[in-house]
Protein chains: 2
Amino acid sequence: MTTATILSAIQRHVTLTDDETAFFTSLLLPQRVRQGEMIEREGEPTRCFIFVNAGCLMTYFTDKEDVDHVIQFATTGWWTGDLHSFTKQVPSIYTTKGLADSEVWLLPKASMEQLLERVPRFERYFRIIFQNSLITQQHRIIQSYSATVDERYLQFREKYPSLEQYVPQKYIASYLGITPEFLSKVRRRLMEKS
Amino acid sequence: MTTATILSAIQRHVTLTDDETAFFTSLLLPQRVRQGEMIEREGEPTRCFIFVNAGCLMTYFTDKEDVDHVIQFATTGWWTGDLHSFTKQVPSIYTTKGLADSEVWLLPKASMEQLLERVPRFERYFRIIFQNSLITQQHRIIQSYSATVDERYLQFREKYPSLEQYVPQKYIASYLGITPEFLSKVRRRLMEKS
DNA sequence: ATAGTTTATTGAACTAGGTTAAGATCGGGG
DNA sequence: CCCCGATCTTAACCTAGTTCAATAAACTAT
């Protein structure tokens, strides 16, 4: 497990000196995640921010009727985790688990703080990352209010073509905010059209 | 129109020197916005990031059926605007207009860039702002997928108690992702219960 | 291979929320 | 002070999406 992927992800947005790179990588903890294994769980404070080095994770919320709602999928090159719990160290409302055998880099809370303190360029990096996520989330809200399920499903496939191979349909349905049964109908409708 | 509000909003998250404060305020453009007046429009690149000094604005998206969908309300102390259009300078898909006579500070794109370049503390400030917004947006998505309309309406009122006085119900309905007629039913249902 | 478990499909009955249209209420300008 | 346009409410009907239940297909672990 090398740092090549994470460093190139970062260097798409900011340029680091050798010292900064060394300091950053010294803070990272490698970890393997098995398919189905939970890496952060609901109820516990999120200890680490997570970078997916290989494989695929998903983060979901379990509501009071015990129904899971997928918040996001994260494949190679993405950061994930419960930001709220991570920053405030309150119990998380999300669970993050592997959808496939995966490798992740963990950045513990204290390390993140040191990093931002000592290397302000990382403030910039995370500012850009959060800004882009925010744009994506706003877009998702618009979609869920103004597009039909058919459109949302097609856009999902277009946007995350690699995900369908990993992700059971029931999770895609959940991400789209519908039941698996209804996604099944939508898929059939779309098949018949073409 | 003084800089007191915006400076105190910033100093809740980072501490600025006198020089930095002076430089920052030199970049701000004051502007009045009348009720109903559009300050940024769909189709044009967003020139400025907007801070609400007094009053209330709303940002909405108009879909292909010509229906408006409210993305966010912004009252005193909030930043608003189309981040995607602002950073990439592509035509905006949102319109921002005054819900009441308001005062805003405008931070033009070029000024924002200078600011981040010269005062890295602002990278930190905006990193925190975007991080908090992201948390809020994710929460909103969860809500829209797992809570009933009744619950969402009650939480909206709890979270933004000051807004109901400014905001016509049809916009609240839009923000909640329902029709004004249905919000009307919901309100009645809730009145009768209590 | 075989049984057990999880996932996907289908169909019928149901419900949350939308649509349409008609009144009721509010609010600002002459 | 009154009128006109915008907003809000109500009610009857309609539909996208859910629920439930039964079957089929795909994985997993013996």
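Reminder, nothing fancy here: chain letters follow the sequence lines and each chain counts from 1. If you're wondering where the values come from, they're calculated on a predicted model, not measured in any experiment.
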field: Pair B/Phe126 and A/Phe130, ring centroids less than 6.0 Å apart
entry: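 Judged by ring-centre distance (under 6.0 Å), B/Phe126 and A/Phe130 do not meet the cut-off.
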- prompt: Are B/Phe73 and B/Tyr160 close enough that their ring centres sit under 6.0 Å apart?
  reply: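 So the answer is no for these two rings.
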Which nucleotide in the set [options] lies at the smallest distance from any side-chain heavy atom of [X]?
X: B/Pro168; options: C/dT7, D/dC8, C/dT19; value: D/dC8
X: B/Phe182; options: C/dG18, C/dT7, D/dA21; value: C/dG18
X: A/Thr179; options: C/dA8, D/dT19, D/dC8; value: D/dT19
X: A/Ser184; options: D/dG17, D/dA11, C/dA8; value: C/dA8
X: A/Lys170; options: D/dT9, C/dT7, C/dT10; value: C/dT7

Cationic N near anionic O, under 4.0 Å, [X] to [Y]:
X: B/Arg47; Y: B/Glu40; result: yes
X: B/Arg127; Y: B/Glu123; result: no
X: A/Glu192; Y: A/Arg188; result: yes
X: A/Glu181; Y: A/Lys170; result: no

- prompt: Which value, rounded to the nearest 0.5 Å, describes the distance between A/Asp101 atom CG and A/Tyr166 atom OH?
  reply: 10.0 Å
message: Using the rule side-chain contact (heavy atoms from CB on, under 4.5 Å), only one of B/Ile39, B/Asn53, B/Thr96 pairs with B/Val104; which is it?
response: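 Of the listed options, the one satisfying the test is B/Ile39.
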message: One character per nucleotide, please: for nucleotides 23-29 of chain D, 5' to 3', B when the base has a protein heavy atom closer than 4.0 Å, S when only the sugar-phosphate does, - otherwise.
response: -------
Below 4.0 angstrom from OP1 or OP2 of [N], is there any side-chain N or O of [X]?
X: A/Arg189; N: C/dT10; value: no
X: A/Arg188; N: C/dT9; value: no
X: B/Arg187; N: D/dC8; value: no

message: When you measure from the side chain of A/Ser85 to the backbone of A/Thr46, do you find a donor-acceptor pair of N or O atoms at a distance under 3.5 Å?
response: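 Yes, A/Ser85 side chain to A/Thr46 backbone: donor-acceptor pair under 3.5 Å.
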message: Can a donor-acceptor pair be found, under 3.5 Å and without considering hydrogens, that links the side chain of B/Arg121 to the backbone of B/Thr15?
response: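 The answer is yes, because a donor-acceptor pair under 3.5 Å joins these two groups.
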Could you tell me how far apart [X] ([atom1]) and [N] ([atom2]) are, to the nearest whole angstrom?
X: B/Leu190; N: D/dC8; atom1: CG; atom2: C1'; result: 16 Å
X: B/Glu181; N: C/dA16; atom1: CD; atom2: C1'; result: 15 Å
X: B/Leu176; N: C/dA16; atom1: CG; atom2: C1'; result: 15 Å
X: A/Glu151; N: D/dA16; atom1: CD; atom2: C1'; result: 14 Å
X: A/Gln169; N: C/dT10; atom1: CD; atom2: P; result: 11 Å
X: B/Ile178; N: D/dC8; atom1: CD1; atom2: P; result: 12 Å
X: B/Arg34; N: C/dG28; atom1: CZ; atom2: P; result: 15 Å
X: A/Lys185; N: D/dG17; atom1: NZ; atom2: P; result: 11 Å

field: Inter-end axis angle, the helix from C/dA1-D/dT30 to C/dA22-D/dT9, with every axis fitted to five base pairs (rounded, 10 degrees)
entry: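 Here the local axes at opposite ends form an angle of 50°.
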- prompt: NA contact type, B/Gly36, heavy-atom cut-off 4.0 Å: base, sugar-phosphate, or nothing?
  reply: nothing
